[in-house]
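Shown next, in structure tokens, is the structure this report addresses.
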Protein chains: 2
Amino acid sequence: MPETTDRPSAARAPRVGRRPRTSRAELEQVALRLFAERGFEETTVDDIAAAAGIGRRTFFRYYGSKNDVVWGDFERELEHMRAWFAGCPPEIPMMDALRRAVVAFNRLDPDQVPWHRLRMMMILQVPALQAHSTLRYADWRAVVAVFVAGRLGQPADALMPQAIAYACLGAAVASYEQWLRHDDADLGELLNRAMSALAHGFQGALDPPGPVSGQTPTG
Amino acid sequence: MPETTDRPSAARAPRVGRRPRTSRAELEQVALRLFAERGFEETTVDDIAAAAGIGRRTFFRYYGSKNDVVWGDFERELEHMRAWFAGCPPEIPMMDALRRAVVAFNRLDPDQVPWHRLRMMMILQVPALQAHSTLRYADWRAVVAVFVAGRLGQPADALMPQAIAYACLGAAVASYEQWLRHDDADLGELLNRAMSALAHGFQGALDPPGPVSGQTPTG
DNA sequence: CACGATAATGGCACTTGGTGCCGAAAGGAA
DNA sequence: TTCCTTTCGGCACCAAGTGCCATTATCGTG
């Protein structure tokens with residue numbers, strides 16, 4: 001797939017050659033608006049390309065697939081998380097660090113909440129996106145696994161780093177689903193609850209689902 | 001999708017009308033053999049249909065998608081697991097019951113290990129199947145979530161049942177990946193280790209990855 | 001034995017996502 | 001202007017999947 005290497009970057013204008021007609025961000029805007037209006041599956045790539053004033057072929061130069069549009073610049077998010085983990089002081093217990101990271105990297109700018117909600121709604125509910133998400137989650141898990149591996153002194157592909165990464169992802173996704181179901185819920189609190197329960201082997205799960213129980217067990 | 005409702009069943013022969021030319025099981029055999037020979041992506045639905053001596057259109061009456069073939073009769077497996085949970089005595093602690101279930105329902109007949117390995121290899125490594133798996137896992141999680149919900153006295157779609165179901169799935173998948181990487185590994189042991197660690201909030205994860213540590217913490 | 005109800009088959013056309021190819025357009029530099 | 005570089009986007013093509021519908025096989029009945 002030579003497609004993935006030569007995507008135009010929205011960065012500093014290249015010195016030479018024809019200038020890009022659009023950008024990933026702009027395409028994302030256009031696409032998301034269409035998705036919101038008629039739904040994800042009801043919007044074809046032709047629709048998006050037409051609305052953006054580019055050719056269908058060009059669309060696929062900016063995004064490898066229709067699915068990818070919904071994820072925006074996920075890679076940048078991951079880069080931040082990676083950096084956070086790298087700078088995480090060793091005094092913080094591992095599971096606590098994981099909880100904090102998950103909560104921190106899902107804090108939302110109030111003004112972008114509606115878009116993020118739409119995004120997550122589609123990712124978690126449209127089958128095609130639901131399926132595709134696995135591939136994106138893999139990158140997320142890798143970041144977590146590397147951190148855990150460092151703490152445990154094991155390779156990142158060993159059982160525990162992988163299991164923990166999967167479990168964290170699960171807790172996060174479950175929280176998101178809850179958040180989408182109850183639009184009055186606080187995402188941060190849900191994430192805190194889920195990650196905290198995870199860190200305790202779900203032993204406190206018998207407690208009623210009241211407000212944050214034992215959210216800072218070790219720190 | 002009216003397609004999903006009227007698939008021929010391999011059960012007792014229907015009294016009237018033309019008889020099915022093949023069966024899900026037979027198609028599965030044919031397809032898996034082709035997948036093993038040339039790979040999943042290199043095998044088209046036309047190839048499978050031709051090899052099975054049926055029309056391409058007919059293939060889609062037996063399986064809703066090419067992806068589905070790999071999963072065989074997953075629904076039956078789930079039905080068994082549901083039944084097991086339903087008959088699980090309340091004395092067994094929840095997390096212990098989950099561990100046992102995961103281990104029990106992944107015990108393999110030695111003679112079908114190679115096929116199962118191929119299956120899982122594809123599911124966990126071929127991107128298209130990796131993505132598709134999410135949709136099948138959802139059913140698996142639902143079974144777990146219902147059991148957990150019963151134990152916790154919460155709705156199945158509440159945060160904890162969902163988070164626990166996701167976490168269990170994660171532990172299981174991580175174990176499978178490990179099993180595939182090291183063909184000398186014992187799947188049951190890996191599952192035991194991962195589920196046990198999960199039940200302890202991964203506190204013992206600092207132990208070296210030696211032979212099953214604390215595999216039967218509560219029973 | 002023909003007849004009619006029933007159910008599976010499979011061809012055909014069509015939609016959609018995605019890719020390889022390649023010439024055309026656009027812009028900076030010499 | 002000319003050359004070089006980069007993006008654009010049309011075209012042809014492939015594969016998955018679906019709706020439609022005529023065809024075929026099978027059973028029960030008159």
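Legend: residues meeting salt bridge (charged side-chain N to carboxylate O under 4.0 Å, His left out) with R119(B), ordered by chain and number and at least two apart, are E28(B). Applying the salt bridge (charged side-chain N to carboxylate O under 4.0 Å, His left out) rule to R21(A) yields no partners; only residues at least two apart in sequence or on another chain are considered. The side-chain contact (heavy atoms from CB on, under 4.5 Å) search around A149(A) returns A156(A), P161(A), not counting sequence neighbours.
Between Y62(B) and dT9(C) there is a side-chain N or O to OP1 or OP2 distance below 4.0 Å. R19(B) has a side-chain polar atom (N or O) that falls below the 4.0 Å cut-off from OP1 or OP2 of dT26(D).
If you check distances only, the side chain of R18(B) never reaches the base of dT9(C) with a donor-acceptor pair under 3.5 Å.
Among residue pairs with one or both ends in residues 155-175 of chain A, those qualifying as salt bridge (charged side-chain N to carboxylate O under 4.0 Å, His left out) are D157(A)-R181(B); sequence neighbours excluded. For residues 130-141 of chain A, the set of pairs meeting the salt bridge (charged side-chain N to carboxylate O under 4.0 Å, His left out) definition, not counting sequence neighbours, comprises D68(A)-R136(A).
Taking every heavy atom of both residues into account, A171(B) and L198(B) meet most closely at CB-CD2, 4.4 Å.
D47(A) places its CG atom 16 Å from the C1' atom of dG18(C), with the value rounded to the nearest Å. One can place CD of E42(A) at 15 Å from C1' of dG17(C), the figure rounded to the nearest angstrom. When the P atom of dA8(C) is taken as reference, atom CG of L27(B) falls 14 Å away, rounded to whole Å. dA15(D) atom P lies 12 Å from atom CD1 of I48(B), rounded to whole Å. Separating the CZ atom of F59(B) from the C1' atom of dG10(C) is a distance of 15 Å, rounded to the nearest angstrom. Spacing between atom CZ of F40(A) and atom C1' of dG17(C) amounts to 10 Å, rounded to whole angstrom units. Taking atom CZ of residue F60(A) and atom P of nucleotide dG20(C), one finds them 12 Å apart after rounding to whole Å.
Comparing dC8(D), dG18(C), dG17(D) by their nearest atom to the side chain of S65(A) picks out dG18(C). Of the candidate nucleotides dA8(C), dT6(C), dG10(C), dT6(C) has the atom nearest to the side chain of V16(B). Among dC8(D), dG17(D), dA8(C), the nucleotide with an atom closest to any side-chain atom of R21(A) is dC8(D).
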Below 3.5 Å between N/O atoms, which protein atoms pair up with nucleotides 11-16 of chain C? Just atom names and distances, please.
none

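A salt bridge is absent between K66(A) and E41(A): the closest approach of a Lys/Arg side-chain nitrogen to an acidic carboxylate oxygen does not fall below 4.0 angstrom.
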